Amino acid sequence: MKKDYSIWKLLSQGLKHHEGWTPAWRSPEVKSSYDVVIIGAGGHGLATAYYLAKEHGIKNIAVLEKGYLGGGNTARNTTIVRSNYLWDEAAMLYEHSLKLWEGLTEDINYNVMFSQRGVFNLGHTLQDMRDIERRVNANNLNGIDAMALNAQEVKDRIPMINISKDTRFPIMGASFQPRAGVARHDAVAWGFARAASNYGVDIIENCEVTAMDIVNSQIKGLQTSKGYISTSKVGCVTAGHSSVMAKAAGIRMPLESHPLQAFVSESLKPILDTVVMSNAVHGYVSQSDKGELVIGAGIDHYTSYAQRGSPHVIEHTAAAIIELFPMFSRVRMNRQWGGIVDTTPDACPIISKTKVKGLYFNCGWGTGGFKATPGSGNVFAHTIAHDEPHPLNAAFTLDRFHTGHLIDEHGAAGVAH
Amino acid sequence: MSNRINHKNSRVDLNRPLTFTFDGQTYQGFAGDTLASALLANGVKVVARSFKYGRPRGIIGSGAEEPNALVQIDVGARTTPDLKATQVELYDGLVAGRTSGWPSLAFDLKSVGGKFSRFMPAGFYYKTFKWPTKLWPFYEDIIRRAAGYGKSPVEADTETYDHQHHHVDLLVVGGGATGLLAALLAGRSGLKVLLVDDQPELGGYLLSMPNVLIGGVNASTWSANIINELQSLSNVTILSRTTAFALHDMNMIQAVELLQDHLPHAVRKNAQRRERLHRIRASKVVLATGAFERPLVFGNNDLPGIMTASALSTYLNRYGVACGKNAVIMTSNDSAYQGAADLAAAGIVVTIVDTREQINPEWAAKTNQLGIKVYAGYGISEAIGSNAVQGAQLVKLGSLKNVATAKGPYVPCDVLASSGGLSPTVHLFCHDGGRPQWDDARLAFVVSANGRAKDGIFCVGAITGVFALQEGLANTHNTLAELLAGLGKTINSSGLVLETDEISVTPARRIFHVPDGKDGHGAKAFVDFQNDVAATDIHLAVRENYRSIEHIKRYTALGFGTDQGKLSNVNGFAIAAEALGKTIPEVGTTTYRPAYTPVSFGALAGAHVGDTFEPRRYTAMQTTHEQYGAEFEPVGQWMRPWYFPKPGEDIHAAVNRECLATRNSVGMLDASTLGKIDIRGKDVREFLNRIYANAWSQLAVGKCRYGLMLDEAGMVMDDGVTACISDTHFLMTTTSGGAARVMTWLEKWHQTEWPELEVYMTSVTDHWTTAALVGPKSREVLAKLCTDIDLSKDAFKFMDWRDVTVAGVPARVFRISFSGELAYEVNVDASYGDYIWNELMKAGKEFDITPYGTETMHVLRAEKGFIIVGQDTDGSVTPFDLDMAWAVGMKKPYSFLGKRSLARSDTSRTDRKQLVGLLPEDPNVVLKEGAQLINSSDITPPVAMLGHVTSSYHSAFLGRSIAMGFVIDGIKRRDEEGNNIVYAWAEGKAVKVKIVSYVFVDAEGARHNA
Amino acid sequence: MLNSTTNNTSEFKPVMQSPLHPFGLAAKQEKINDSKGAWANEIPLLGYISLRGNSQNAAFVSAVNSALNITLPTQACSMINAAWGSILWLSPDEWLITCKRDQRASFQQSLEAALAGIHSQVVDNSGGYTTVLLKGKNASDVLHHCTVYDLNMLQAGKVVGTTFGKLSLYVHQHENGYSLVFRRSFADYIWRYLERSALPYGFGIAQLNDGQ
Amino acid sequence: MFVIKCPHCFEAREEEEFSYGGEAFVARPESPETESEENWGDYLFMKRNPKGWHWEMWGHSTGCRKFFVLKRNTANHTIVGAWTLAEARKIYDAEEAIA
Ligand SMILES: Cc1cc2nc3c(=O)[nH]c(=O)nc-3n(C[C@H](O)[C@H](O)[C@H](O)COP(=O)(O)OP(=O)(O)OC[C@H]3O[C@@H](n4cnc5c(N)ncnc54)[C@H](O)[C@@H]3O)c2cc1C
Ligand SMILES: NC(=O)c1ccc[n+]([C@@H]2O[C@H](COP(=O)([O-])OP(=O)(O)OC[C@H]3O[C@@H](n4cnc5c(N)ncnc54)[C@H](O)[C@@H]3O)[C@@H](O)[C@H]2O)c1
Ligand SMILES: Cc1cc2nc3c(=O)[nH]c(=O)nc-3n(C[C@H](O)[C@H](O)[C@H](O)COP(=O)(O)O)c2cc1C
Ligand SMILES: [Zn+2]
């Protein structure tokens, strides 16, 4: 892969009015047949294609995207990356991803601005603190950095936070993962697109998959808004739209698509240099490199595909942020938006074969899949290439909903992240 | 230097001078000024420094569209960042600061780096700062420090906010000429009308064009008449200083009203809000939000002293401020001419650069008459100046194509304005899915008057692309006629003459970016000022294949600022279209999202802060608990006494004392928060059989039973004791936190699946207050106050209940025990809560009765191995995992909720994690709740985890630590000597623990049966 | 109300406390005047009976009617006022009867007697509820800060269950103000929220004729 | 932010008065014990989650506390109507019969 993004190239292009830059990714015409087709050019889909090409030597790959690449949840998340999950299966998967994040900028030659500024998950009740303790201990035994802090220790690290005992949900402590942080969401999509394209992957934007051609329980091809494409392997990575794709394949998924909203403040001078999340008050906040506070709200309880949610959810989140940081009351919201998240009953993803041969699903990341982007792509590529799960995603089958072997991460996943 | 002129129609009151400071300097303005107009009047040109390159910036606009003049208002707890100077009303004593420029506005260090702006095009950071990887945090720190405008307050906000809900027939957004007319026509028809406008004064752009005659009277008289009539209508409400910032499904509009920010501190009232968020549910909405003039894009177009043509004329006409003495106005259309004429009339030297070769003959005559020089067929390729504009370099434009055919003259000036046409304010229209249409004749994204009539949304005036006032008033009239007809009402426009004396409009030139004659390599031409996005950045994005307009936006940050691209977006779309070789409608717009203009978090939160952030529910005994000095623990919404420390006691001392007192004599707990549901009907037993895992067919009247409730996945979701009051009447109790959920659960199953079962349920949680009298002396205490029944061991047995009188109050007493002690739960009408508690305390005095809280309750129940749902369960635990097969009636005929799931292959495994008791080897070590259990003390991750500690306490009664927790195969291991040792791991330490039975005290039940 | 015969000692003087007792409203009350826009106070210690039954079932309805000597409101969101109190429709099979506290037992008994054998439920909930009256020229403004319900739709004779801040209550017109009926444990929040909402209009504790 | 007309209160009310109750007409198997693990898992967890028209349960939580059925388009939030469970069942069955 060519690694031509560097300070030197930038300087030399600067002298030439930047007219020598070439497309970050190619936009080829769609071909009539591919070895593997990935549906959905979100971060996960693009990462899958990248690792398929890079690690499994498959070259004839297309990624089909109904809109613009990276325009789904990848474009609208609050970019929190962490791996402090409770159960071994989840923790190992997210930790695998976190490790990939740590080398991603270099690997794909694109600065994804992965910023390990640490993440605090606040505890406000005795039970929160028990859960934090349980999770931190599990993390440590799994080799994941995490620590439990008391309220004063939280205050020492985040001087702005209100730890007064008089609040409705006094802060009793937190779990803290130092290696966790945030990344630049768009750069992740663009960087993977560029890297995959460099390996020969065709990324086809404005190409919607409308039907699946399945014969004798084997995928044969896809009907798209740009015509029919034949293929024997399809990886479906369509996040909020996974149920729609599943329907096209004649299967049902344990998914509900809900609106999840977020908002940003106006740009401010640096004031918060870490990430703060609280399930009890329902809000989480970090400050981006550009200066705006990036704030995540909760999901709306109803299902929706409209990419917008109800205002009372945003209002509640603003109140939650003020509860934690009373000085932010005069800070103003600049823009709010919503995404469509595919939630599962156990707050864990599905990375699985299906009963249709050659059709694989990677979905159910719900409110928290951005952090998994490289790891998810990596294990999903393995699953598709080998028709067998990677050991790290073996537990995340569709079948667990029948056997009852759920991996309940509601506590660690919280409202959203 | 003062640029103030005594303009006859100006809205400022020159008799009311006000003093204010900006960036440390003191200035004078007048009532009616905005901070921006006052600064301009004082000749202040540079008000900010640009985001990326540190370039000096001045005021461009006159309202919500302003991208540059972001200021910090006030100090201390009231300091507010990033307000637009164009929207800040001046008051006496206002303190404003800059939000950019370090060390000063005059010299910004960033501008040094800005000299190398050629190396910092859009998205440069994605290509660099990568090497070496470990220096990224250092690079990032520099980036962060360079970023950001104003400063967040660091003190808690001292002002307050609230929400108000409105339900109206019609909401009119915008109080310009067309909005006022719409409100009046609707108001006359009797509709309940709400009119909101974001400015302090109604009139909209009319305030900037005071000389136009409407129906023969001047604009200010015209609007004053309408406003007067509106104010006389009781069905019309007007909210000024109120911005509608979001439109949601089914016409729910959020609007924020500024109530005090415009007032001098001394007259602000503590009882009044700073801001109020109005939530307006409107059957119909009329959007009369007007339009913003967009500037043309040209070299150095960001120099201070460059503004939009309408801002220039607004400052003149509305505020009496001449922004210069020598003005150059570039335009592609007719709209700038009136302002130019007004300036000339005010004695300012005006030059017009019209990009059209053919100019409106009427205006040609008029400009000639006023001595305005017009360059037709020219554009400005570059503004000249360093800290302020000093002149304009003209180019001759091709007559068909937007190319520079020749260099034009240089025109000196001290203010430069441009007009590229109007961009309708379509934001609200688009928030919930509406889409504007490109109108190629009007060169604008417009919405049609009845574009969303089926949703009840109508549009009037400039938002529809109708830019001439007379036409706009006519379209308002017609649209309102249609709207009212749809409601069966007729329009009444009597006395309204809607003709104006405007000069009729001729076509505009289609131009957005004036060519520089240097292949675009000339001076930087900015599209988005706030984010330093130049035309070249858009071209670069396209070159690099960021071709979707959404990619262009995200790659360049076009429209990402606090102005959300009000001036820049359409220019950006047009330049992108050119670079892509597409038409503007093919490129489309980016998504419009709330907020139209920024809204404070405080306003969003409203009254949901402090004491009223979330409800706190208290029991009827709260006053007493406070008197006894309780510390409280939130349990769901409830506040429960946690422990009752005596002076000098910490939690441990208090809990030890409470535990011992209870086990040895008598203690008392407020158990009122438990959910209580009264269930009646002939099918109540069957209903309970289906809802609970246990069987209820045989429970005798007068008896109670513990029940386990499972969800359909077979996991324990709640528990509690349920009493049989009669064959058709049961009283269920639930956990404190689970009460509402259980009530809904019961109703849902009854209403949806089993409507045939004759049962009704009613929550009586709040009706009963419960004092649990616990301990060996509890019978004696109760006996002192309850004399109407025989309390003896055999007359009133364990798990019986009785209706009695306690301390003269009717009571229902349950002989049940969550502590393993002899215990009575005394339930009375909650009105007697405080009374009964005190009477029992008095009666128990001789036994040193001790009130205790949830912490002691937890210790006592753990000594008995009783679970707490939510602490010892986590939604993944079956009754079998809890070793509670005894509470599962597998033989019941109906497949009770959750039963089938218990037989799934995973849930029926026998080697699942099971609840066991745990005894630390060292009795003085209290395990950490949440400690993980492992097989060996040898830690090299990853270590296999067997389960975890759910409950752990020091038991004062046993004189040692005890715990409960889950262990894989725990029940088997418990009984295997040699296999019953595990390690509890927490805080970096492994503690040796023995697996034992979870019943630590009185396994035979002698105490509770006493 | 109290079965005093079971107690021979005179030291027992059961004292009832209303849910808003901790706010000490009685001591703060004033005669309603023009100085403030909103006036409120608690009507403490009424009797509340929850009644459930099928309004489609004629036997049920007539049994209730005869027991109370009044027509049970079966129209959605309707209520009925009687000399002794009122009956609020809560749902097609649920009502809340309010009365003087000392009438509660006799109402309950006569209802239970009349409804014997008919599928229904009669529950004393008197300890579980309270009522606040809100009056004054800005009463409806204040309520519009607190509830999402459109009070313009709340004509006399109508009762609705709706939101109040983050909790819920029942509201209906009462004299020239509003009656708010809610659960005991909601009292602290609802009162604080009401006070906060009324602050800009001026808030007074009203002296109510019908309260004591 | 919906307005929902409660079929029991016969009045249009704000979304905040209601709570969402998931997909409607998910029938509990008649005899769970004889259902296969797959069928039971389907009943528990599998959802239609359609993009488009959705029959769903709502509860009027702060009002009459009744559950009822709403037909709503999840793509654009249009609501066709709200009915009591029994009424909705009839309409739903008729529509299903056509589909
Ligand atoms: C507001 C919000 C905040 C969040 N915050 C966080 C956070 O802080 N941390 C975190 O880890 N996660 C967070 N998430 C979740 C995270 O965004 C997602 O889990 C993750 O981005 C999913 O990535 P994806 O690539 O699977 O999906 P997407 O980026 O949504 O990609 C799916 C793609 O499939 C395309 N597609 C759909 N149907 C078709 C079709 N028929 N044909 C072709 N293409 C199709 C879509 O257009 C889309 O581009 C948040 C989500 C939201 C909405
Ligand atoms: N040259 C210009 O810049 C310009 C701009 C707008 C209108 N006009 C002219 O003014 C005349 C009257 O036009 P009009 O009535 O359509 O528009 P207008 O601009 O006069 O009035 C719109 C009003 O709505 C307010 N507003 C906009 N969005 C709002 C929101 N979200 N919440 C609250 N208030 C909001 C504006 O501040 C303004 O007061 C027409 O002749 C029109 O062409 C000229
Ligand atoms: C982490 C993050 C930061 C953002 N910061 C800004 C911002 O500073 N300004 C802005 O206008 N939008 C910002 N956005 C929101 C986007 O403009 C946009 O609303 C979002 O990507 C959803 O896309 P849509 O609104 O086009 O549907 C941000 C989005 C994310 C995910
Ligand atoms: Zn209802």
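Since this is a predicted model, take the numbers as computed values, not measurements. Chain naming here is simple, since letters A, B, ... match the order of the sequence lines and numbering starts at 1 in each.
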Margin query: I'd like to verify something: which residue of B:Gln254, B:Arg274, B:Lys151 has the highest number of heavy-atom pairs under 4.5 Å with chain A?
Written below: B:Arg274
Next item on the list: Considering only heavy atoms and a distance below 4.5 Å, find which of B:His551, B:Glu155, B:Arg904 pairs most often with chain A.
Entry: B:His551
Check: Do we see a donor-acceptor contact under 3.5 Å between the side chains of A:Ser267 and A:Glu292?
Finding: no
Next item on the list: Answer with yes or no whether the side chains of A:Gln13 and A:Glu19 bring together a donor and an acceptor at under 3.5 Å.
Entry: no
Margin query: Under 4.5 Å from any heavy atom of chain A, what part of B:Leu70 do you find: side chain, backbone, both or neither?
Written below: neither
Check: What part of B:His163 lies closer than 4.5 angstrom to a heavy atom of chain A: side chain, backbone, both or neither?
Finding: side chain
Margin query: Is there a side-chain contact between B:Phe560 and A:Lys290 in this structure, where contact means two heavy atoms from C-beta onward sitting under 4.5 Å apart?
Written below: yes
Next item on the list: With a 4.5 angstrom heavy-atom cut-off, could you sort out which part of B:Ser908 is near chain A: side chain, backbone, both or neither?
Entry: neither
Notebook entry, point to check: Between A:Phe114 and chain B, which part of the residue has a heavy atom less than 4.5 Å away: side chain, backbone, both or neither?
Noted result: backbone
Next item on the list: Answer yes if the side chains of B:Ser876 and A:Asp408 hold a donor-acceptor pair under 3.5 Å, and no otherwise.
Entry: no
Note to self: Whether B:Lys127 engages the ring of A:Trp21 as a cation-pi pair (distance to the six-membered ring centre under 6.0 angstrom, angle to the ring normal within 45°) should be assessed.
What the structure shows: yes
Next item on the list: Sort B:Gln564 into side chain, backbone, both or neither according to what part of it lies under 4.5 angstrom from a heavy atom of chain A.
Entry: side chain
Note to self: Counting only non-hydrogen atoms closer than 4.5 Å, does A:Ile132 touch chain B with its backbone (N, CA, C, O), its side chain (CB onward), both, or neither?
What the structure shows: neither
Checklist line | A:Arg335/A:Phe263 under side-chain contact (heavy atoms from CB on, under 4.5 Å): CA gap, chis, key distance, verdict | finding: CA-CA 6 Å; A:Arg335 183 176 173 102; A:Phe263 59 98; over 6 Å; no
Next item on the list: Name the region of B:Asp261, side chain, backbone, both or neither, that has any atom closer than 4.5 Å to a heavy atom of chain A.
Entry: side chain
Check: Hey, are the side chains of A:Val331 and A:Glu266 touching, using non-hydrogen atoms and a 4.5 Å cut-off?
Finding: no
Item checked: Pairwise distance CD(A:Glu95) to CG(A:Asp88) - rounded to 0.5 angstrom -> 12.5 Å
Next item on the list: Determine whether the side chains of B:Thr128 and B:Tyr139 contain a donor N or O and an acceptor N or O closer than 3.5 Å.
Entry: no
Margin query: Given heavy-atom pairs under 4.5 angstrom as the criterion, report whether the side chain, backbone, both or neither of B:Ala986 touches chain A.
Written below: both
Check: Which atoms of A:Met333 come close to chain B, meaning under 4.5 Å heavy atom to heavy atom: side chain ones, backbone ones, both, or neither?
Finding: both
Margin query: Any donor-acceptor pair under 3.5 Å linking the side-chain atoms of B:Ser548 with those of A:Glu205?
Written below: no
Check: Between B:Glu987, B:Met120, B:His539, B:Arg279, which has the largest tally of heavy atom pairs under 4.5 Å with chain A?
Finding: B:Arg279
Next item on the list: Could you verify whether a donor N or O on one side chain and an acceptor N or O on the other, from A:Thr403 and B:Asp906, lie under 3.5 Å apart?
Entry: no
Check: For B:Arg78 and B:Glu159, what are the C-alpha separation, side-chain angles and deciding distance, and is it a salt bridge (charged side-chain N to carboxylate O under 4.0 Å, His left out)?
Finding: CA-CA 8 Å; B:Arg78 280 194 179 131; B:Glu159 293 185 272; 3.4 Å; yes
Next item on the list: Measure distances from B:Phe613 to the heavy atoms of chain A and classify the residue's part below 4.5 Å as side chain, backbone, both or neither.
Entry: side chain
Next item on the list: Let me know if A:Thr22 has heavy atoms under 4.5 Å from chain B in its side chain, its backbone, both or neither.
Entry: backbone
Next item on the list: Say whether B:Glu550 and B:Thr591, considering side chains only, have a donor N or O and an acceptor N or O under 3.5 Å apart.
Entry: yes
Item checked: Residue A:Asp346 versus chain B: region with a heavy atom under 4.5 Å -> neither
Note to self: Could you measure the distance from the OG1 atom of B:Thr80 to the CD atom of B:Gln72? Nearest 0.5 Å is fine.
What the structure shows: 7.5 Å
Item checked: Contacting region of B:Asn531 [heavy-atom separation from chain A under 4.5 Å] -> side chain
Notebook entry, point to check: When heavy-atom pairs shorter than 4.5 Å are enumerated against chain B, which of A:Ser265, A:Ser115, A:Gly291, A:Ala320 gives the highest number?
Noted result: A:Ser115
Margin query: Pairing donors with acceptors under 3.5 angstrom, does anything connect the side chains of B:Asp519 and B:His521?
Written below: no
Next item on the list: Please confirm whether A:Arg194 makes a cation-pi placement over A:Tyr5, using NZ or CZ under 6.0 Å from the six-membered ring centre and within 45° of the ring normal.
Entry: yes
Note to self: Is B:Ala595 close to chain A through its backbone or its side chain, or both, or neither, when contacts mean heavy atoms under 4.5 Å?
What the structure shows: both
Item checked: Carboxylate-amine/guanidinium contact A:Asp273 B:Arg144, below 4.0 Å -> no
Item checked: Heavy-atom proximity to chain A below 4.5 Å, by part of B:Ile934 -> side chain
Item checked: Proximal component of A:Leu10, with respect to chain B [non-hydrogen, under 4.5 Å] -> both
Notebook entry, point to check: Between A:Asp186 and chain B, which part of the residue has a heavy atom less than 4.5 Å away: side chain, backbone, both or neither?
Noted result: side chain
Checklist line | Gap separating the CZ atom of B:Arg547 from the CG atom of A:Leu69, nearest 0.5 angstrom | finding: 12.5 Å
Notebook entry, point to check: Relative to chain B, which segment of A:Trp190 carries a heavy atom at a distance below 4.5 Å: side chain, backbone, both, or neither?
Noted result: side chain
Check: Checking heavy atoms, do the side chain of A:Leu104, its backbone, both or neither come under 4.5 Å from chain B?
Finding: neither
Checklist line | Atom group of A:Thr105 that falls short of 4.5 Å from chain B, counting heavy atoms | finding: both
Item checked: Structural part of A:Met147 lying under 4.5 Å from a heavy atom of chain B -> neither
Notebook entry, point to check: Side chains of B:Thr99 and B:Asp82: is there a donor and an acceptor less than 3.5 Å apart?
Noted result: no
Note to self: Distance check, rounded to the nearest 0.5 Å: B:Ile143 atom CD1 versus B:Arg145 atom CZ?
What the structure shows: 12.0 Å
Margin query: We want to know whether A:Ser197 and A:Arg26 form a side-chain donor-acceptor pair, criterion being a heavy-atom distance below 3.5 angstrom.
Written below: yes
Notebook entry, point to check: Is chain A contacted by the side chain of B:Thr536, its backbone, both, or neither, given a heavy-atom distance below 4.5 Å?
Noted result: neither
Checklist line | Engaged part of A:Gln307 at the chain B interface, taking heavy atoms whose separation is under 4.5 Å | finding: both
Checklist line | chain A contacts, top residue of B:Pro941, B:Pro594, B:Pro121 (heavy-atom pairs, under 4.5 Å) | finding: B:Pro594
Notebook entry, point to check: Among A:His312, A:Met92, A:Gln287, A:Glu102, which has the most heavy-atom pairs under 4.5 Å with chain B?
Noted result: A:Gln287
Check: In terms of heavy-atom pairs under 4.5 Å, which option from A:Gly143, A:Gly70, A:Ala24 contacts chain B the most?
Finding: A:Ala24
Note to self: Quick check for you: among B:Phe245, B:Tyr546, B:Phe124, B:Trp642, which has the greatest number of heavy-atom pairs under 4.5 Å with chain A?
What the structure shows: B:Tyr546
Check: With a 4.5 angstrom heavy-atom cut-off, which part of B:His608 approaches chain A: side chain, backbone, both or neither?
Finding: both
Checklist line | B:Ala77 portion near chain A, given a 4.5 angstrom heavy-atom threshold | finding: backbone
Item checked: Most contacts with chain A, counted as non-hydrogen pairs under 4.5 angstrom, among B:Thr133, B:Thr907, B:Val609 -> B:Thr133
Checklist line | Which portion of A:Leu11 sits near chain B, non-hydrogen atoms under 4.5 angstrom | finding: both
Item checked: Part of B:Trp136 within contact of chain A (heavy atom distance under 4.5 Å) -> side chain
Notebook entry, point to check: Side chain, backbone, both or neither: which part of A:Gln127 has a heavy atom under 4.5 Å from chain B?
Noted result: side chain
